[in-house]
Structures are given as C-alpha cells and as structure tokens.
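Remember, it's 1-based here, ligands and their atoms both numbered in the order they're listed.
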Amino acid sequence: MKVLVTGGLGFIGSHTCVSLMESGYDVVIADDLSNSSADVQERIAKIAGKTPAFYKADVTDQAAMERLFSAEKPEAIIHFAGFKSVPESVENPLKYYANNVGSTLVLCALMKRFGTRFIIFSSSATVYGDNEIPYREDMEPCRATNPYGRTKAMSEEIIRDFAASEGGRHKAALLRYFNPVGAHESGLLGEDPRGVPGNLMPYIQRVAAGKLPCLTVYGTDYPTVDGTGVRDYIHVMDLAQAHVAALRKLEAEQPAAGAGRGDSESTYIYNIGTGRGTSVLEMIQAFERATGVHIEYKAGPRRAGDLPEYYACADLAEKELGWKAKRSVEDMCRDAWNWQKNIK
Ligand code: WQD
C-alpha cells in the first residue's frame, strides 16, 4: 500500500517513514522544507534500504497536491505537516490557521476526489486543554490553551465530519501525541529545530553539546513532585510504531459500532503516550545518568501558557491497536544524545 506522508522529512514524520517502510509500505513524502532539510530523504533511505519518493510541496497548495495525488494515487495519508510552535501561534494565529487547518481541508477534499481510503492525523495532547489528568480520549476537551492547540482541535473536527459524511468510504485515526523526544538508534535521524529550541529535550541536547550554556527551568513552584513541570515524554520510535499499528487497524476491520471514539464508525481517537509523567528535574537527572554528561541549569520563572502537569491514559491504544510504548526515559536521553553528537 502507498502511503502519503506529509511533513515526512520532519522529526516525527521521518521516523514514521522508516517504520512504515520497514513494515512493507511504499512511502511518498510531501514536505515544504520550512522546518526540515532535504538530506533527511537519504538518511531515511540509509536506514530503510530504499529511497522514498519526495515532492517539495506546500500541502495548502491544492493544485500542487492535486498533481501529486494524480501521479501517486496514495491509498492512505499520514498528515504531519504543520507549524508547531505554541508561542509563535500566539503571535501569528492567522499563519497557523491558514497552514494547519488549510492543509487538512485540502487533503480531505483530495481524499474524496481520488478515493484515498485512510487518513491518520498528527494531533496533540494540547487539544485537552486544562483537563483533569490522566487525559482520556472520551473526555470532553476543554478549550485548547493556544491557537496551535486550537488548529489541532479544528482539524480533528474537520476529519471526523468528513469521514462521517462519507458512509465508511474513508476511515480516520486521530493520534494525540504527548511529548515526543529521542531519536532513531542509528543516530541518522533526530530533532534539530531551527534557532534556539523552545522544547525541553532539544534544549538539553544543545547544553550537553556545549552549544548553549545553561538550561532555564521554567518554574520550580508548581504543585508537582518536585515543583517543576511534569509531562508524558514518549520515544519518537515508539510514536512512529504507533502510526503503523493505527494504519493496520484502519485496514483490518470495519469497526463495530461504538468501537471508536468518533462521531460514527469511521473515526478512532487514541492517546499516544506512556501513561507516566516525568518532571523537568527528573529529565535532567535521567539525561546525566544515561549519557554521563553534566547539564548546567538554573531556576527561572514559569513560562506563560504552561500547565503544571499532564500525562496520558494510554490504555485504549494498547487495547485496540495492540500498541504500547516500550522505551524508557533513559533510552530517550541516550538516543537523543547519540543523535546530537552527529549534528555538525
Ligand atoms: C516541557 C516541559 C516546560 C523548555 C509542547 C507543545 C506540544 C508538543 C510538545 C507539538 C515544560 C519545561 C521547557 C525549557 C523548561 N508540540 N521547559 N525549559 O510545552 O509540554 O509541549 O511541545 O506537538 O503540543 O505544547 O513541551 O518541551 O516545551 O516543555 O523548563 O527550556 O519543560 O516548562 O514543563 P510542552 P516543552
């Protein structure tokens, strides 16, 4: 089966392409290179033993995407392409709605036009907003706390309504990621954001590499185990493998009524997390244990918009997809450092 992976040269997309290809799928990548580099295509090929097709394309460009669908006729889509900086989405919400929601609308229209049966959407735990923890798929989400999270929530609704309107011709899985970190064990793929990283792990990686002097811990007075923020970090390869499990689910069976969490039998929703929380200080200690590298840090004020603590209830993905995260926080730190050492 041919799978179109939008944003397939990005951090999560590239790791998912490897898992898909190792599971026997043909992969076609569409990526506008706004937050990725073209050499990732060859790195994927080195690991998977085959070069995936690549189209430099803006997924909101309907004409360009129509040419791709006409040439490749994908049977499934995994939609990663999207902007993902929370602070930037607050500064420039229209850019986020145009890109993140616009791309979803284009893909659904082309799925209908070309008969693409499946879509898996890269959603995020931010759609839950300030809800009780652990987050469960059947919760009524609160309003997401930023425009980035709202673009994910809106894309979920668009996909659910589209799939429900099509009488089962199309099936969808919405995967709500928690905090993806780490890298492929080969050290050939990993996270390398442009500029100064906003997220914790890439920042720690750069401190370890001596590219940044010191990590600022955003808030040490939260009502958590040690006063610092707690998140559900998941190894990017566990996350990649969850996409293969979700695709197999969509392929395998007509869902029994009520099997999914969607509006009808055509959409499934899953938390993709470990079900365990790790604090910032615990992450720093895990990184030092796993790598032997000291991480200099200092306490700083809370970051606007941060929630104190959230993590997944990950039972549904285990029950319905047969998928469970296997890698530990130390594995995440070890692989992230192994990748960081390879970055020039
Ligand atoms: C984690 C913890 C910070 C940086 C965001 C998006 C989410 C997803 C992942 C896209 C928090 C603390 C961080 C630093 C710190 N992105 N921290 N110093 O905010 O949980 O989630 O990225 O899908 O949608 O919301 O991730 O890594 O930024 O922060 O102390 O320099 O680390 O306060 O407690 P976050 P993060």
Side-chain angles (χ1 to χ4, degrees), residues 7 10-13 15-16 35 79-90 96 99-100 121-131 133 135 141 144-153 155-156 174-182 191 193 195-208 211-236 239 242 271-274 276-287 295-312 329 332-333 336:
F11 172 44
I12 304 169
H15 288 80
T16 303
N35 193 26
H79 182 29
F80 292 105
F83 299 144
K84 63 173 191 173
S85 162
V86 170
E88 187 191 25
S89 78
V90 175
Y96 273 66
N99 188 60
N100 292 9
F121 177 61
S122 161
S123 192
S124 169
T126 44
V127 303
Y128 287 104
D130 189 3
N131 236 309
I133 47 178
Y135 290 163
T145 52
N146 53 71
Y148 160 77
R150 288 191 277 276
T151 67
K152 290 297 185 181
S155 288
E156 285 195 0
L174 311 176
L175 304 187
R176 292 172 177 169
Y177 309 158
F178 282 72
N179 287 57
V181 296
E191 189 174 18
V196 175
N199 295 136
L200 179 66
M201 183 60 93
Y203 203 107
I204 287 177
Q205 288 167 219
R206 299 234 180 125
V207 172
K211 295 183 175 177
L212 289 169
C214 174
L215 169 74
T216 302
V217 177
Y218 295 147
T220 54
D221 59 349
Y222 283 113
T224 62
V225 60
D226 57 20
T228 65
V230 173
R231 295 291 184 272
D232 184 335
Y233 297 94
I234 177 168
H235 195 292
V236 64
L239 178 58
N271 288 335
I272 305 299
T274 65
R276 288 185 307 280
T278 301
S279 78
V280 177
L281 292 182
E282 287 168 342
M283 183 59 87
I284 294 169
Q285 289 147 17
F287 193 94
I295 299 299
E296 191 66 27
Y297 70 89
K298 66 184 178 194
R302 294 181 176 188
R303 179 172 64 177
D306 272 356
L307 294 171
E309 179 168 7
Y310 59 83
Y311 51 89
V329 171
M332 300 172 205
C333 294

Show me which atoms of ligand 1 lie under 4.0 Å from any heavy atom of [X].
{"X": "Val86", "answer": "6 (C), 25 (O)"}
{"X": "Leu215", "answer": "14 (C), 18 (N), 31 (O)"}
{"X": "Val217", "answer": "30 (O)"}
{"X": "Tyr310", "answer": "20 (O), 21 (O)"}
{"X": "Asp306", "answer": "3 (C), 33 (O)"}

Any nitrogen or oxygen of Tyr203 lying under 3.5 Å from a nitrogen or oxygen in ligand 1? Just yes or no.
no
Which residue supplies the protein heavy atom nearest to [atom], what is that atom called, and how far is it?
{"atom": "atom 34 (O) of ligand 1", "answer": "Gly229 CA, 3.5 Å"}
{"atom": "atom 24 (O) of ligand 1", "answer": "Ser124 OG, 3.1 Å"}
{"atom": "atom 12 (C) of ligand 1", "answer": "Val280 CG2, 3.7 Å"}
{"atom": "atom 17 (N) of ligand 1", "answer": "Tyr218 CD1, 3.7 Å"}
{"atom": "atom 10 (C) of ligand 1", "answer": "Tyr148 OH, 3.1 Å"}
{"atom": "atom 8 (C) of ligand 1", "answer": "Phe178 O, 4.4 Å"}

Whether the side chain of Asn271 engages the backbone of Tyr135 through a donor-acceptor N/O pair (distance < 3.5 Å, no angle test) should be reported.
yes
Among [options], which one has a heavy atom closest to [atom]?
{"atom": "atom 19 (O) of ligand 1", "options": "Arg231, Arg303, Met201", "answer": "Arg303"}
{"atom": "atom 4 (C) of ligand 1", "options": "Gly82, Ser122, Cys214, Gly198", "answer": "Gly198"}
{"atom": "atom 18 (N) of ligand 1", "options": "Thr216, Ile204, Thr126, Leu200", "answer": "Thr216"}

Does CZ belonging to Phe83 count more than 12 external heavy atoms closer than 6.0 Å?
yes
Any side-chain heavy atom of [X] within less than 4.5 Å of one from [Y]?
{"X": "Val225", "Y": "Glu282", "value": "yes"}
{"X": "Thr274", "Y": "His235", "value": "no"}
{"X": "Arg231", "Y": "Phe178", "value": "no"}

Test side-chain contact (heavy atoms from CB on, under 4.5 Å), reference Leu200, set Val217, Leu215, Val181, output is Leu215
Looking at ligand 1, is there an atom of it that comes within less than 4.0 Å of some heavy atom belonging to Tyr233?
yes
Measuring from the heavy atoms of Tyr222, does anything fall under 4.0 Å of ligand 1?
no
Using heavy atoms and a threshold below 4.0 Å, how should the contact between Asn199 and ligand 1 be classified: side chain, backbone, both, or neither?
both
Looking only at heavy atoms, is any part of Asn179 under 4.0 Å from ligand 1, and if so is it the side chain, the backbone, or both, or is it neither?
side chain
For the residue pair [X] and [Y], what are the closest heavy atoms and their distance?
{"X": "Met283", "Y": "Cys333", "result": "SD-SG, 3.7 Å"}
{"X": "Val86", "Y": "Ser89", "result": "O-OG, 2.7 Å"}
{"X": "Leu212", "Y": "Pro197", "result": "CD1-CD, 4.0 Å"}

Hydrogens and angles aside, do Glu309 and Thr224 bring a side-chain donor and acceptor to less than 3.5 Å of each other?
no
Under 3.5 Å, is there a donor-acceptor pair between the Tyr128 and Arg176 side chains?
yes
Mind telling me whether Tyr148 and Tyr96 have parallel, tilted or perpendicular rings, with 30° and 60° as the class edges?
perpendicular
